[in-house]
Each structure stands twice: as C-alpha cells, then as structure tokens.
Amino acid sequence: MSETETLLEIKDLEKHFSQSTGWVGSLLGKDKAVRAVDGVSLSLDRGEIVSIVGESGCGKTTLGKSLLRLIEPTAGSIEFHGTDITELPDDEMRDLRKEMQIVFQDPFQSLNPKKTVRQLVRQPLEIHGMSRTEAEARVVDALEDVGLSPVSDFLDRYPEEMSGGQLQRVSFARSLVLEPSFVVADEPTSMLDTSIRARVLDLMEELRNERDLSFLVITHDLSVARYLSDRVGVMYLGRLVEIGDADEMIMDPKHPYSKALIESIPSPTPYEEFDPADIEGEVPDPIDVPSGCRFHPRCPVATEECKRIEPEWRMVPTEGDASRYVECHEVDPKHVPADPQPQ
Amino acid sequence: MTESELMNQRSAPSDEPILSVEGLTTHYETDDVDSVVQAAENVSFTVSRGQTIGLVGESGCGKSTVGLSLLRALPPQGSIVDGSVYFDGQDLTTFKKKEIKKIQWNRISMIYQGAQNAFNPVKTIDTQIREALAKHDVVPKNQRRERIEELLQKVDLDPGVADRYPHELSGGMKQRAAIAMAISCEPDLLIADEPTTALDVVVQAKVLRMLLDLQEEFNFGMVVISHNLAAIMKVSDDIGVMYAGNMVERSSAENIFEDPQHPYTAKLFGSIIDPQRPPKQVENIPGVPPDLRNPPDGCRFADRCDLATEECSAQMPAFEPKNESTEHLAACFHSEEVSR
C-alpha cells in the first residue's frame with residue numbers, strides 16, 4: 001500500500017437526542033439528553049478498514065450515521081479530505097455523498113422489493129444526474145465488481161428472487177456505482193448465514209485492496225472485526241474506550257470492558273470450559289450516564305477515583321508495535337500523555 | 001404407566017434416555033394444496049438426564065421445527081407426519097395437546113425463541129411463575145413467593161423483579177426470568193430454542209454459563225437449538241448437525257469437532273471465525289439450500305458439495321454409523337474423504 005494519507009478525521013463528535021418528559025417536564029426544564037455519541041475522536045486512512053464494536057445502545061450505529069450526516073451531529077468536527085463537512089450546505093453535502101456511502105445491515109429491508117436489481121443499482125446514479133446509457137454501463141461494472149456474474153442473470157431479478165448474500169452484494173453495488181472513497185458498513189453480515197458470510201467479507205477486503213477504499217465497519221461481532229480490520233475500536237455508552245491494532249487488541253485488550261467483551265465469546269471447540277468474564281449487570285440507559293468513568297458501576301477493578309473523575313484518553317504501552325489508546329484510570333496507571341493527534 | 005402417573009412421577013436417575021426421538025418427520029402445509037414444506041425429515045436423537053444435545057444449523061434447516069415438534073407447539077400449518085418422540089417411555093406424538101399441557105413445566109419446559117416476548121405483558125413476573133407453580137402444586141401456597149424469589153436469585157436477578165412487568169425489564173433480564181420460570185417446577189427436560197440470540201455478547205455468555213450451572217444443580221436433560229456453532233460446542237455433550245430438514249451428522253462434540261464425517265459439518269467449521277485464532281481464509285459455501293417444497297431425491301447438500309458424485313444426486317445416503325461406531329452417525333457416501 002502507498003504511504004498513508006488521512007481520509008477522515010473526526011474530533012469530539014457528539015450526537016445527543018433530546019427525550020421529552022412531556023410539556024410539564026419541559027416547563028420545569030426536565031427534558032433529558034440521550035447521549036448516544038458523547039465525544040468520539042477517530043481518524044481513518046485511505047485504504048484502511050476500522051471496525052467499531054460494542055453492544056446495543058453503545059452508539060456505534062449513531063456514530064456511523066452522524067459521520068455521513070444522515071443524522072446531524074450535535075457537536076464536533078468531521079474532516080473529510082481535509083474539509084470540515086459539518087457546516088457544508090445541503091447541495092455541497094449531496095455532491096459529497098458520492099464519496100461517502102453506507103451499506104445497511106438488512107438488505108431485505110433496505111432494498112425496495114418492487115425494483116429490479118438493474119433499477120436498484122441505477123437509482124443512485126440517476127439521483128446524481130447521470131444519463132441512462134452511461135448509468136447502464138456502470139451498473140454492469142458494479143455488479144461484476146461484487147461478484148454477481150454473469151451479470152445478465154441478475155439484472156432483471158427482484159429482491160425476493162435472490163438469497164440474503166446476493167442481496168447484500170446488491171447493496172454494496174448500489175454504494176459502489178458512485179465510486180466512493182469511504183463506506184460505512186453497518187453490520188454488513190449479521191443477517192447472513194455463516195456459510196455465505198465469507199463471500200461478503202472477502203468482497204470488502206478486495207474492494208479495499210483494489211480501489212484503496214476505506215471502510216468503517218460497525219459490528220457487534222468481534223470475529224468479523226478481527227478478520228476484516230486493520231484497527232478495532234470498542235465503544236461503550238457513547239464513548240470510544242479503546243482502539244488499537246485488530247490482532248493486538250483482541251489478544252491483549254487493556255480496557256476492562258474490552259476484556260469482558262472478548263472473554264464473552266465462546267471459542268468453537270469442545271475443550272476449554274466456558275468461563276466468561278464476570279461483569280455486573282447490563283449497559284445502562286444512555287440517558288443516565290454514570291459519573292466519572294461511565295463503566296465504573298460494572299467494572300471489576302473500579303476505584304474511588306473512577307467514580308468521580310472521567311478518565312483521559314491516552315496512549316498506553318503494549319507488547320505489540322502498534323499504538324493503543326485507552327480511556328481508563330487503571331490501565332498502567334503510570335500516566336502516559338496522549339498523542340496530540342486524535343486517533 | 002398411565003398418563004396421570006407420567007404426569008406426577010419423577011423417574012429415578014438412570015442412563016436410560018429421558019428423551020428419544022425416532023424418525024421424526026414434520027411437514028408444513030402451504031397455500032398450494034399439492035405441496036408441503038418438508039421441514040424435518042427422519043430426525044433421530046436421544047438425551048439423557050444431565051446431558052445436552054445441541055441441534056445446530058443455518059436458517060431453514062429445520063432445527064426449530066424439531067424443537068417445536070417435541071412439545072407439539074407447532075403453528076397450525078405444521079404437523080408431525082411420521083416418527084415418535086418418546087419421553088420417559090411414552091410417545092408424545094400420541095398425546096392430545098391438552099395432555100401435553102399437563103406435563104409442561106413440571107416434566108418438560110421450553111424456552112422459546114424470542115422468549116423475551118413470551119411473557120404476558122399485563123401480568124407481573126410473580127403472577128406468571130406462580131401460575132406454573134400452582135398448576136402443578138409443587139410448592140405449598142404460602143411458600144410460593146419465597147420459591148419465586150429463590151428462583152430469581154438463581155438466575156442472578158434481584159428478587160424485586162418478581163413485582164415488575166415484562167416491559168420494565170431489559171431483554172437480558174426477561175431471558176433470565178424465562179429461564180427461572182422454565183426451571184420453576186424442576187423439569188426433567190429443558191428445550192431451549194436459540195436461548196441467546198438477540199442478546200448482547202456479555203449477556204449471551206452469562207445465559208450460556210447459567211444454563212450449564214443450572215443443569216449441574218437440577219440434572220435435567222437439555223436440547224439446545226442454535227445457529228451459533230461456538231455456543232453449541234460449549235454447552236453440548238452431543239451435537240446434531242442439521243441441513244435442509246435432515247440431520248446429516250450426530251456424535252459427541254469432540255468427534256464432531258475432531259473428525260467430522262459430513263462435508264457440511266466440515267464446511268460449517270471452516271466458515272466460522274474464532275476471534276482468538278482467525279484463519280487466513282474463511283470458508284464460503286457457494287449456493288443456497290434447496291426449496292423444501294420440492295427437495296431433491298438424493299442428498300440435499302449435493303449441489304453445494306465439493307465431494308458430490310452422481311450417486312449423491314441419485315439417492316439419499318443412509319444416516320449410518322461411521323468409523324465403526326454407533327456413537328458417530330452421518331448421512332454421506334463420501335465420509336472417508338471429508339477433512340477439515
């Protein structure tokens with residue numbers, strides 16, 4: 001791969017939803033904010049695949065949608081090719097969407113069942129004003145790129161005539177026709193049976209290798225994250241609590257929550273006894289974010305400090321070569337200042 | 001044994017299987033009167049007390065149909081057309097639905113897929129568990145509350161959860177409450193259909209561990225149905241692999257893992273990623289399972305199988321012992337060529 005070039009850089013991104021407590025509550029100033037994404041900084045290089053993992057309600061899907069401005073972030077900046085897109089007017093943002101695409105989890109829901117594959121894949125091109133003949137050629141190319149060949153077999157099919165794996169590839173083709181440089185893939189394989197999942201994962205890898213495409217993969221599945229990504233970030237209650245090299249991170253997680261997440265995955269063998277991490281309770285409601293470190297009520301190593309003081313985002317030493325950032329007081333308590341560049 | 005004896009008697013611990021399913025075949029009617037969905041064909045397995053069989057396979061393989069057939073909980077279009085389900089010596093397929101209800105909770109409990117939604121939304125958890133306890137009169141009336149609180153503690157829930165309504169609980173808490181209810185009358189057999197699907201990973205792990213610990217304590221036999229091969233490996237003594245309505249392989253978890261005899265089993269292992277040891281290449285099985293309204297005559301996996309020959313498409317291979325062991329069965333003409 002050529003030398004690294006930062007494609008996307010987000011700083012202190014926030015998305016708060018307000019939850020109304022009714023008009024009496026709002027008069028009394030009791031409306032509360034759901035802090036779905038609560039200050040996330042992250043950068044992504046050209047041709048890099050980064051996965052964000054976490055449990056439901058951690059804010060990972062909201063993060064994916066807000067960095068394409070499919071939902072408007074409440075605060076923070078998103079630099080794409082060096083331009084902050086949070087303030088871009090709608091028409092410029094629409095043009096930029098060619099460059100930034102999203103693939104959703106459930107192709108059965110995200111693809112209109114009344115349209116053929118040809119129409120589905122052509123639609124984004126038409127929206128961006130391309131002529132039908134020119135569009136047609138691109139549709140064929142895109143379908144070939146996602147491995148739906150011979151293309152003529154698929155062009156006139158309707159979604160119900162295809163398998164989940166094939167449909168998910170149509171979703172990818174729809175994103176790729178516009179030749180984006182960045183794609184958010186939201187749980188790209190979670191609706192697919194394991195036996196056909198590999199085809200979609202390998203497709204993403206190919207697209208990265210051949211087109212230098214960058215992916216932000218949002219997934220609850222750590223095995224997908226490790227298989228596919230260069231780096232993995234773990235989210236908890238709206239914060240990125242750890243990020244690092246995919247292999248190193250999974251073999252040697254530092255944050256107690258990352259550890260719990262990784263220990264919770266059963267290995268597919270009949271031998272080692274299953275002894276998952278013993279962490280308390282479940283993810284709290286993002287409307288009542290705990291004080292200090294937001295993980296402290298469930299954390300096995302929490303101290304008094306953790307209840308009061310929010311931990312800083314800092315680089316920590318690891319056995320591996322890649323840099324690792326963690327938000328935890330207890331990981332190597334010797335303070336190492338964070339790199340001024342957000343990661 | 002009469003039915004009322006079956007209902008109340010607790011059989012003495014023995015190596016005799018508590019459940020023995022023989023040639024179970026379940027079909028669903030379709031809108032077209034001439035065609036049926038052959039959802040489960042000739043499925044056989046046994047479970048003893050304190051033992052677990054895991055039924056694993058992908059969507060549409062018939063594993064849930066088997067689970068629902070055991071307790072005759074099939075939707076109206078479904079019916080058992082052949083085979084037997086012996087529970088403690090009695091064939092449940094000959095029972096009327098009303099008779100099945102008499103043994104539910106105290107002899108067989110089922111945790112349904114999406115059990116989180118199986119509770120009645122307008123009754124508290126206490127009321128619902130109490131109904132099961134009252135029906136079988138396993139605990140005197142004045143001790144029922146105590147028993148309910150004890151059960152909730154066994155599944156790591158606060159006893160106060162008893163007075164909450166289902167909608168006030170998270171998915172993970174509801175699943176635990178469903179497990180508490182399932183074990184409330186100390187059944188001999190627990191059937192769990194996708195007990196961890198739709199739960200977050202940390203909660204999934206806890207639920208799996210909990211099922212193992214409860215089994216240790218109560219010694220019930222368990223049928224666990226899941227698409228998650230890793231989870232199945234962790235909870236099961238025996239594993240039955242299902243594909244397109246057939247059980248294609250069955251043996252101990254160790255045998256299935258070390259020495260699969262059916263190509264689908266081997267491929268399924270190849271397609272999963274162990275995050276602790278990711279492979280260079282994850283296996284993809286091209287193609288899709290056959291339409292079960294009109295399945296092929298031969299092996300149902302043949303058109304996706306690397307090892308398939310003409311023989312495979314012509315006739316269905318018998319589900320027979322492999323490696324000269326009656327403990328390891330598979331339905332494949334090419335077992336000796338299967339490798340992981």
- prompt: B/Val288, B/Leu208, B/Leu229, B/Asp274: which one forms the most heavy-atom pairs within less than 4.5 Å of chain A?
  reply: B/Asp274
message: Looking at A/Pro276, is its backbone amide N or carbonyl O close enough to the side chain of B/Lys206 to form a donor-acceptor pair, meaning the two atoms are under 3.5 Å apart?
response: no
- prompt: Which pair of heavy atoms, one from A/Asp193 and one from B/Glu58, lies closest together, and at what distance?
  reply: CB-OE2, 2.9 Å
- prompt: Is chain B contacted by the side chain of A/Gln166, its backbone, both, or neither, given a heavy-atom distance below 4.5 Å?
  reply: neither
message: Can you tell me which of B/Ile285, B/Asp237, B/Asp200 forms the most heavy-atom pairs within a distance under 4.5 Å of chain A?
response: B/Asp200
- line: dist A/Thr194:OG1 -> B/Lys267:NZ (nearest 0.5 Å) comes out at 13.0 Å
- prompt: What part of B/Arg277 gets closer than 4.5 Å to chain A, counting heavy atoms only: side chain, backbone, both or neither?
  reply: both
Segment of B/Gln204 engaging chain A (4.5 angstrom heavy-atom cut-off): neither
query: Should we count CG of A/Asp321 as having more than 12 external heavy atoms under 6.0 Å?
result: no
statement: Closest heavy-atom pair, A/Ser264 versus B/Val201, reported as atoms and distance to 0.1 Å, is CB-O, 3.6 Å
task: With a 4.5 Å heavy-atom cut-off (strictly below), which parts of residues 154-162 of chain B touch chain A? List them by number.
output: none
- prompt: Given a strict heavy-atom distance threshold of 4.5 Å, which part of A/Asp221 is in contact with chain B: side chain, backbone, both, or neither?
  reply: neither
field: Atom CD of B/Glu216 with >12 non-hydrogen neighbours under 6.0 angstrom
entry: no
- prompt: Taking every heavy-atom pair that is under 4.5 Å apart, which of B/Pro286, B/Pro275, B/Ala231, B/Gly270 has the most such pairs with chain A?
  reply: B/Pro275
Point-to-point distance, once rounded to the nearest 0.5 Å, from CD of B/Glu283 to OG of A/Ser195: 10.0 Å
- prompt: Do you know which of A/Ala198, A/Ser163, A/Ala225 has the most heavy-atom pairs with chain B at a distance under 4.5 angstrom?
  reply: A/Ala198
field: Verdict with reasoning, A/Leu261 to B/Val202, per side chain to side chain contact (heavy atoms under 4.5 Å, CB included)
entry: CA-CA 6 Å; A/Leu261 214 51; B/Val202 175; 3.9 Å; yes
field: Spacing of CD1 belonging to B/Ile273 relative to CZ belonging to A/Arg197, to within rounding of 0.5 Å
entry: 4.5 Å
- request: Measure distances from A/Ile279 to the heavy atoms of chain B and classify the residue's part below 4.5 Å as side chain, backbone, both or neither.
  value: both
statement: Listed by number, the residues in residues 49-61 of chain A that come under 4.5 Å of chain B (heavy atom to heavy atom) are A/Glu55, A/Ser56
message: For the interface with chain B, which of A/Arg226, A/Met251, A/His220, A/Glu273 has the highest count of heavy-atom pairs at distances below 4.5 Å?
response: A/Arg226
- line: Whatever's closer than 4.5 Å to a heavy atom in chain B on A/Ile265 counts as side chain
query: Taking atom CD1 of B/Ile272 and atom OG of A/Ser267, what is their separation to the nearest 0.5 Å?
result: 9.5 Å
task: For B/Lys234 and A/Tyr271, work out which heavy atoms get closest and say how close.
output: NZ-N, 4.3 Å
query: Is the side chain of B/Arg209 donor-acceptor paired with the backbone N or O of A/Phe274 at a distance under 3.5 Å, no angle test?
result: yes
field: CG-OG distance between A/Leu192 and B/Ser271, expressed to the nearest 0.5 angstrom
entry: 11.5 Å
message: Treating A/Arg199 as the side-chain partner and B/Asn284 as the backbone partner, does any N or O pair qualify as donor plus acceptor under 3.5 Å?
response: no
- request: Mind checking ring-ring contact (aromatic ring centres under 6.0 Å, His included) for A/Phe295 and listing every partner two or more places apart, or none if nothing turns up?
  value: A/Tyr236, A/His255, A/Tyr257
message: We want to know whether A/Glu282 and B/Ser170 form a side-chain donor-acceptor pair, criterion being a heavy-atom distance below 3.5 angstrom.
response: yes
task: Would you indicate whether B/Glu327, at its atom CD, is surrounded by more than 12 heavy atoms from other residues, nucleotides or ligands within a distance under 6.0 Å?
output: no
field: Members of residues 257-265 of chain B whose heavy atoms come closer than 4.5 Å to chain A
entry: B/Phe257, B/Glu258
